[in-house]
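Both ligands and their constituent atoms are indexed starting at 1 by order of listing. Heads up: numbering here begins at 1 and tracks the sequence.
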Amino acid sequence: MKKCLFLSLAAMFAASCLFTGQVKAADAVVLKLAEIHPKGYPTEMADEYFAELVGKYTQGRVKVEVYPGAALGQEKAVIEQVQLGALAFCRVSSAPMAEFNKGLGVFSLPYIFDNTKHMWNFLNGADGQALLAGLEKSKFIGLCYYDGGARNFYTSKPVKGINDLKGLKIRVQQNKINMEMIKAFGASATPMDMGQVLSSLQTGVIDGAENNWPSYESANHYTVAKYYLVDQHLRLPEVLIMSKTIFDKIAKKDQDLIRKAAKDSVTKQRELWEKKEKDSEAIVRKAGSIVTVVTDLKPYQKAVKPLVDQYSKEYGDVLKAIDKARKVK
Ligand code: BDP
């Protein structure tokens, strides 16, 4: 009798699964997503939202698990794993990605975007989307861009203008153009993972670094490097990337739903980002950061002009498209 009841319950459950399209947790494809930022950071919250949407859209057939706080490794390492097909997703900055796919290197050229609107005009346009699509040839699926704000310098030694940067050891992301940019400003470039920056500031291995307000604050860099120089030299989009090897093994229907979930998570990330930028700025100002906002960018742009000129051949067409995006209403 008991057995009968169990079997009929099991049959009912199976039927309801068929009916609703739900799958048993054990049958779901489980995919990991690597994120270096801690829980509550705007990109991390967007990853969680993306995971939620994937679960919802695929009716449980695909489950995305987010691993924040660099639990799966720092950015260069997780990008390598994604490229190899050992890891499904990572949310990373476009700067380390450019070492794996040259197209994204254009974002490492300083002062190419005037503001957030200009950047999003480009990213949402055909040329911005083509750069994401171009990741396929490097064995990645570029799912979407997220906002990473503008990057500024911060140092433990007093820095209030471009001349104060001369000779300082500045941490930089692991990308050739970013390193050349630091040199163009007269500083010495020290490439390392984001995870090493706080201790390197504390021990004096570096004098400073550069990043947006939220990273400066949430990674506690402001507790050591209290001079913050707002020149907005880079607007590096964040990217959500999937392994092409893993993507190719997924049913077409679910591939499309993964792409859709990523696209649908962007608005939320941008809202979260806008709020966090303001909150982080308020936190560091209150904690005593000495903020200098650059009003005349000309000397800064002049310093990096040879670098931009040097790369203008390689990125000529895309730079033209970026220039055009300035005029999009
Ligand atoms: C932050 C990005 C993160 C980068 C980090 C860095 O969100 O993806 O790893 O900068 O400087 O703004 O390495």
Side-chain angles (χ1 to χ4, degrees), residues 33-48 50 66-82 89-100 104-105 107-108 110 113 116 119 123 140 142-155 169-179 181-182 187 189-201 206 208-222 224-225 228 230 232-241 265-266 269-270 272-274 276-277 279-281 284:
L33 190 162
E35 166 66 73
I36 66 151
H37 289 301
K39 261 197 170 314
Y41 193 93
T43 52
E44 192 278 334
M45 288 168 84
D47 301 336
E48 297 281 3
F50 162 69
V66 179
Y67 290 80
L72 300 181
Q74 294 288 325
E75 297 204 340
K76 192 168 169 259
V78 296
I79 297 170
E80 271 164 12
Q81 290 181 49
V82 170
F89 303 97
C90 61
R91 192 294 314 157
V92 291
S93 163
S94 47
M97 270 306 290
E99 293 294 288
F100 295 79
L104 294 194
F107 299 123
S108 291
F113 294 119
T116 309
M119 179 185 80
L123 298 180
F140 301 107
L143 291 172
C144 64
Y145 293 111
Y146 286 149
D147 208 325
R151 295 174 78 99
N152 305 300
F153 289 104
Y154 48 88
T155 50
K169 284 174 281 174
I170 302 290
R171 176 269 171 168
V172 68
Q173 288 169 288
Q174 297 169 80
N175 170 312
K176 187 166 171 275
I177 307 179
N178 293 55
M179 288 174 64
M181 176 193 73
I182 297 293
T190 311
M192 64 175 74
D193 283 317
M194 167 99 166
Q196 293 170 268
V197 176
L198 182 60
S199 63
S200 302
L201 283 168
I206 52 172
E210 45 85 57
N211 219 317
N212 49 44
W213 293 102
S215 284
Y216 174 54
E217 178 259 313
S218 78
N220 286 323
H221 297 171
Y222 74 100
V224 195
Y228 197 75
V230 182
Q232 305 194 326
H233 50 270
L234 292 177
R235 284 179 188 274
L236 284 174
E238 313 279 17
V239 278
L240 181 59
I241 303 293
S265 68
V266 176
Q269 193 275 341
R270 288 181 61 183
L272 291 165
W273 182 262
E274 222 185 302
K276 180 68 181 170
E277 259 189 335
D279 290 352
S280 294
E281 178 176 351
V284 301

Self-check item: Numbered atoms of ligand 1 (with element) below 4.0 Å of His37, judged on heavy atoms
Solution: 1 (C), 2 (C), 3 (C), 7 (O)

Quiz prompt | Nearest non-hydrogen protein atom, atom 8 (O) of ligand 1 | solution = Glu75 OE2, 2.6 Å

Quiz item: Can you tell me the protein heavy atom closest to atom 5 (C) of ligand 1 and the distance?
Solution: Met194 SD, 3.6 Å

Quiz prompt | atom 7 (O) of ligand 1: the protein heavy-atom neighbour that sits closest, reported with distance to 0.1 Å | solution = Glu238 OE2, 2.6 Å

Practice problem: Return yes if some donor-acceptor pair links the side-chain N/O of Glu99 with the main-chain N/O of Lys176 below 3.5 Å, else return no. | Solution: yes

Quiz item: Would you say Arg151 contacts ligand 1, with heavy atoms under 4.0 Å as the rule?
Solution: yes

Quiz item: Which one holds for Ser215 and ligand 1: side chain close, backbone close, both close, or neither close, with close meaning a heavy atom under 4.0 Å?
Solution: side chain

Quiz item: Which is it for Ile36 and ligand 1 at heavy atoms under 4.0 Å: side chain, backbone, both or neither?
Solution: side chain

Quiz item: Measuring from Gln196:CD to Arg171:CZ, what's the distance to the nearest 0.5 Å?
Solution: 8.5 Å

Practice problem: Would you mind telling me which of Glu75, Glu48, Glu44 makes a salt bridge (charged side-chain N to carboxylate O under 4.0 Å, His left out) with Arg91? | Solution: Glu75

Practice problem: Would you kindly specify which portion of Arg171 sits under 4.0 Å from ligand 1, judged on non-hydrogen atoms: side chain, backbone, both or neither? | Solution: side chain

Quiz item: Which bit of Leu236 is near ligand 1, meaning a heavy atom under 4.0 Å away: side chain, backbone, both or neither?
Solution: neither

Exercise. Note the single closest protein heavy atom to atom 12 (O) of ligand 1, along with its residue, its atom name and the distance in Å.
Key: Asn211 OD1, 2.7 Å

Self-check item: Side-chain donor-acceptor pair present, Asp193, Gln174, cut-off under 3.5 Å
Solution: yes

Exercise. Look only at the side chain of Thr190 and the backbone of Lys169, and say whether a donor-acceptor pair between them is shorter than 3.5 Å.
Key: no

